[in-house]
Amino acid sequence: PQLQRYADVLIWGLKTARKGRFRKNDVILLQYEPAALGLAEIVYAKILDLGMNPIQHMGLTFGMEHNFYRKSNNKQLVFVPPGEKELYSSINGRIFLRAPDSLTHLRDIDPMKIGKVLVSRKPLKDILDKREEQGLYSWTLCTYPTAELAKQAKTNMKRYTDQIIR
């Protein structure tokens, strides 16, 4: 029941952030980290119930992300998959479920590599910013409790979860 309510809050947040109204067949991008899969399944179903089209993208595991930064050459770092610009040009909303299993897994990665990736993705962010200004797009995000987040907050998982609920 708690995850159902969390999903309801996320849908409410997405609707509230939008200048215009959502319509049937709007496209909603649901991005989530692996630990939030259960919540993602619930949000996905709620998007369908609203008559909208969910597109789901699960984020990289921290091992995959570390390998990406450690092993990628310059071309791989700035690679934007085919279709990303078209996707970002047509989504009407985005929900991001933040649920990190690690906050320190990139500590040995050159910050310049991370910056290069962020710069290469700026045109996608610009598309979303423009759509948001036009009232065609909104977004919301949440934190899903993980053991790593509780550890970094120097508390136990129950207390951390209770704080998010509050």
Side-chain angles (χ1 to χ4, degrees), residues 1-18 22 28-50 52 54-72 76-78 80-81 84 87-88 91-122 124-129 131-132 137-166:
Q2 195 66 51
L3 289 181
Q4 290 286 340
R5 288 193 292 268
Y6 208 178
D8 289 339
V9 169
L10 289 164
I11 298 295
W12 171 84
L14 187 67
K15 288 178 176 180
T16 302
R18 177 120 177 231
F22 280 97
I28 308 298
L29 178 59
L30 173 60
Q31 294 177 289
Y32 58 96
E33 293 177 323
L37 177 60
L39 178 58
E41 289 174 334
I42 295 167
V43 173
Y44 187 92
K46 289 187 180 289
I47 294 168
L48 287 170
D49 289 342
L50 292 169
M52 295 188 275
I55 297 175
Q56 63 87 33
H57 283 184
M58 185 170 78
L60 300 174
T61 65
F62 65 86
M64 292 166 120
E65 187 176 28
H66 187 271
N67 280 328
F68 171 75
Y69 284 109
R70 188 169 58 87
K71 294 178 176 247
S72 291
Q76 289 171 314
L77 286 172
V78 299
V80 176
E84 286 289 294
L87 172 64
Y88 279 57
I91 62 174
N92 304 103
R94 180 168 63 164
I95 298 173
F96 182 61
L97 312 178
R98 181 95 173 103
D101 285 325
S102 173
L103 296 176
T104 59
H105 63 285
L106 299 179
R107 68 178 169 262
D108 63 332
I109 299 297
D110 179 0
M112 295 298 285
K113 280 186 155 186
I114 296 170
K116 184 176 278 209
V117 170
L118 293 173
V119 168
S120 74
R121 299 213 175 7
K122 185 175 182 319
L124 299 176
K125 183 183 178 326
D126 292 343
I127 292 169
L128 295 179
D129 288 347
R131 290 182 60 74
E132 187 173 14
Y137 165 80
S138 65
W139 60 274
T140 191
L141 58 87
C142 77
T143 298
Y144 185 88
T146 63
E148 176 68 8
L149 290 172
K151 177 182 161 191
Q152 293 296 325
K154 295 179 176 49
T155 190
N156 63 43
M157 188 67 168
K158 176 160 179 21
R159 283 192 184 139
Y160 191 83
T161 301
D162 288 347
Q163 184 62 37
I164 288 177
I165 292 168
R166 275 193 293 281

N92 side chain near R18 side chain, heavy-atom distance below 4.5 Å: yes
NZ-CG distance between K46 and L14, expressed to the nearest 0.5 angstrom: 13.5 Å
Residue of the set R166, K158, R159 for which side-chain hydrogen bond (donor to acceptor under 3.5 Å, both in side chains) holds with D162: K158
Shortest non-hydrogen separation from Y144 to Y6 and the atoms involved: N-OH, 4.5 Å
Examine distances only and state if a side-chain atom of R98 and a backbone atom of L141 form a donor-acceptor pair shorter than 3.5 Å. no
Taking P100's backbone N and O only, do any of them form a donor-acceptor pair with T146's side chain (distance below 3.5 Å, no angle check)? yes
Rounded to the nearest 0.5 Å, the CG atom of L10 sits from the CZ atom of R5 at a distance of 13.5 Å
Using the rule side-chain contact (heavy atoms from CB on, under 4.5 Å), only one of V43, L97, V9, I95 pairs with C142; which is it? L97
Nearest-0.5 Å distance that lies between atom CG in L37 and atom CD1 in I42: 10.0 Å
Report yes or no: does S120 contribute a side-chain atom to a donor-acceptor pair with the main-chain N or O of V117 at less than 3.5 Å? yes
How about I11 and T140: do any of their side-chain heavy atoms sit closer than 4.5 Å? no
Could you tell me if the side chain of K151 sits less than 4.5 Å from the side chain of L103, heavy atoms only? no
Show, in sequence, the C-alpha distance, side-chain angles and deciding distance for I164 and T143, and conclude whether the side-chain contact (heavy atoms from CB on, under 4.5 Å) test is met. CA-CA 8 Å; I164 288 177; T143 298; 3.9 Å; yes
Take Y160 and L149, measure what side-chain contact (heavy atoms from CB on, under 4.5 Å) needs, and give me the verdict at the end. CA-CA 8 Å; Y160 191 83; L149 290 172; 3.5 Å; yes
Applying side-chain contact (heavy atoms from CB on, under 4.5 Å), run through W139 and L128 and close with a yes or a no. CA-CA 10 Å; W139 60 274; L128 295 179; over 6 Å; no
Name the one of R94, Q56, H57 that satisfies side-chain hydrogen bond (donor to acceptor under 3.5 Å, both in side chains) with Q31? R94
Which pair of heavy atoms, one from F22 and one from M52, lies closest together, and at what distance? CD2-SD, 3.7 Å
Neighbour count above 12 (heavy atom, 6.0 Å) for R70 CZ: yes
May I ask you to decide if R107's main-chain N or O and T104's side chain share a donor-acceptor pair within less than 3.5 Å? no
Min side-chain heavy-atom separation F68-L77 under 4.5 Å: yes
Residue pair F96 / L29, side-chain heavy-atom distance below 4.5 Å: no
Can you check side-chain contact (heavy atoms from CB on, under 4.5 Å) on I114 and Y69, steps first, answer last? CA-CA 7 Å; I114 296 170; Y69 284 109; 3.7 Å; yes
d(L87 CG, E84 CD) to nearest 0.5 Å is 6.0 Å
Inter-residue atom distance K113.NZ - Q76.CD, 0.5 Å rounding: 9.5 Å
How far does CG of L106 sit from CD of E65, to the nearest 0.5 angstrom? 4.5 Å
Do E148 side-chain atoms and S102 backbone N/O form a donor-acceptor pair below 3.5 Å? no
